[in-house]
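Numbering of ligands and ligand atoms starts at 1, following listing order. What you are looking at is a predicted structure, and each value in this text was computed from that prediction instead of being measured.
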Amino acid sequence: MGHTWLVLFELLAWYSRHARPLPWREPGTSPWAVLVCEVMSQQTPVSRVLPAWREWMERWPGPPEMAAASPAEVILAWGKLGYPRRALRLRQCAVAITEGNAGELPRERDALLALPGIGPYTADAIIAFAYHRRSTVLDTNIRRVLSRLHGAAFPPAHLRKDEVARAQALVPEEDELAWQWNAALMELGALVCTSRSPDCPACPLADRCAWLAAGRPESPAPRKAQAYAGTHRQARGRIMAALRTAHRPLPRGRLLADSGLPESRFAPALDSLVADGLCGRTADGYSLPPAARAPGN
Ligand code: SF4
């Protein structure tokens with residue numbers, strides 16, 4: 001799909017009519033608030049991110065406030081958002097920003113990438129949505145839309161150079177248009193060009209879509225997310241849930257019983273949580289990590 005002003009105009013017009021009124025899109029949202037939202041949204045649906053994000057922003061409006069929190073506090077506040085390592089990484093990031101950048105999130109891509117927990121996707125999203133500057137955001141929604149415009153039902157499992165180059169070439173040059181292009185494509189992927197049932201009649205890009213023009217040929221769907229039940233991740237979640245509700249360190253046997261797991265699943269899950277710094281171990285037993293045991297401290 002070549003880029004034309006008409007495509008851009010139609011996409012942005014669609015966005016202005018249909019974008020969800022999400023609080024992190026309101027003017028005045030701080031770069032830190034955008035970062036927290038991006039990290040929370042990476043593996044968790046918006047409906048569950050919303051209340052958690054509001055709570056975090058009230059409690060820790062900026063990096064200095066979060067840097068002063070203990071690892072146990074941020075893990076508790078992360079609650080059931082899943083993948084709790086993200087909470088620890090956000091705190092580590094807040095510590096790095098507070099100590100090394102006067103509490104301000106950097107503006108440049110390289111400086112963002114140097115922070116704990118910020119990879120290429122997050123850096124590009126911050127440049128676009130926090131600083132309203134040109135970048136090429138490639139989350140799963142945008143990748144799916146671009147892949148369909150180019151003729152394939154799904155993007156490759158891993159980002160490829162040609163995919164990145166094609167995406168970069170489509171982003172408008174002007175900062176103001178570029179970030180809106182990213183925001184609108186992402187919203188289109190979330191609301192219209194969904195993975196399983198794209199609503200092509202409602203799509204502002206239908207005239208330009210090679211996959212639609214080809215009759216939406218079937219192609220192997222991406223691998224489905226692994227079922228949760230019976231996984232290592234579920235076992236870790238059970239142990240974390242027991243630790244979050246405990247008021248004192250739990251001896252191993254008690255934690256095993258509270259988790260409801262068989263020993264064969266409990267042991268590797270517990271070891272991995274200790275290794276990740278999500279679970280502290282003392283002579284009295286296991287608990288959420290105290291500050292002194294946090295990774296990076
Ligand atoms: S026309 Fe259909 S498949 Fe193509 S981008 Fe729009 S919603 Fe997606």
Side-chain angles (χ1 to χ4, degrees), residues 1-22 24-25 34 37-38 41-50 120-122 124-129 132-225:
M1 184 192 76
H3 193 273
T4 68
W5 283 102
L6 191 59
V7 172
L8 181 62
F9 175 80
E10 284 172 358
L11 180 64
L12 297 191
W14 174 87
Y15 183 68
S16 68
R17 282 197 305 273
H18 297 281
R20 292 165 291 178
L22 298 170
W24 44 81
R25 290 178 177 160
V34 172
C37 159
E38 286 299 334
S41 303
Q42 272 161 29
Q43 281 144 320
T44 307
V46 166
S47 57
R48 287 171 55 207
V49 167
L50 268 170
Y121 164 75
T122 310
D124 288 322
I126 291 166
I127 290 168
F129 307 135
H132 291 181
R133 285 172 27 227
R134 187 176 191 272
S135 69
T136 306
V137 181
L138 284 168
D139 80 326
T140 48
N141 282 325
I142 292 185
R143 292 185 65 211
R144 185 173 59 253
V145 175
L146 293 180
S147 143
R148 288 177 180 167
L149 295 175
H150 192 66
F154 295 103
H158 301 289
L159 257 185
R160 289 202 318 237
K161 276 191 182 159
D162 57 337
E163 185 189 353
V164 176
R166 263 201 318 273
Q168 282 170 339
L170 288 172
V171 180
E173 286 302 323
E174 299 79 4
D175 284 334
E176 191 59 25
L177 294 175
W179 79 262
Q180 292 185 53
W181 166 264
N182 285 310
L185 270 189
M186 192 182 280
E187 194 74 340
L188 187 70
L191 299 180
V192 175
C193 192
T194 58
S195 178
R196 308 279 151 192
S197 50
D199 183 7
C200 301
C203 178
L205 304 180
D207 290 351
R208 309 284 172 149
C209 180
W211 185 61
L212 176 65
R216 298 177 37 159
E218 295 275 326
S219 76
R223 198 167 49 87
K224 272 198 184 152

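- Trp181 CH2 to Thr136 OG1: the interatomic distance, rounded to the nearest 0.5 Å, is 11.0 Å.
- Glu38 has its side chain out of reach of Asp139: every pair of non-hydrogen atoms, C-beta onward, lies at least 4.5 Å apart.
- In summary, an N, O or S atom of Cys203 is located under 2.8 Å from atom 6 (Fe) of ligand 1.
- Near Leu212, with a cut-off below 4.0 Å to any heavy atom, the atoms of ligand 1 are 1 (S).
- Considering only heavy atoms from C-beta on, Trp179 stays 4.5 Å or farther from Val171 through its side chain.
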Inset, instruction - List the steps and the verdict of side chain to side chain donor-acceptor pair (under 3.5 Å) for Ser147 and Glu163. - result: CA-CA 8 Å; Ser147 143; Glu163 185 189 353; over 6 Å; no
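- When side chains are defined from C-beta on, Pro155 does not count as touching Arg160, because their heavy atoms never get closer than 4.5 Å.
- Shortest contact from atom 4 (Fe) of ligand 1 to any protein heavy atom: Cys209 SG, 2.4 Å.
- Under 4.0 angstrom from ligand 1, there are no non-hydrogen atoms of Leu205.
- Of the protein's non-hydrogen atoms, the one nearest atom 2 (Fe) of ligand 1 is Cys200 SG, 2.3 Å.
- Scanning the protein for heavy atoms near atom 3 (S) of ligand 1, the closest one is Trp211 CE3, 3.5 Å.
- At a cut-off of 2.8 Å, Cys193 coordinates atom 8 (Fe) of ligand 1 through an N, O or S atom.
- Between Cys200 and Arg216 the shortest side-chain heavy-atom distance falls below 4.5 Å.
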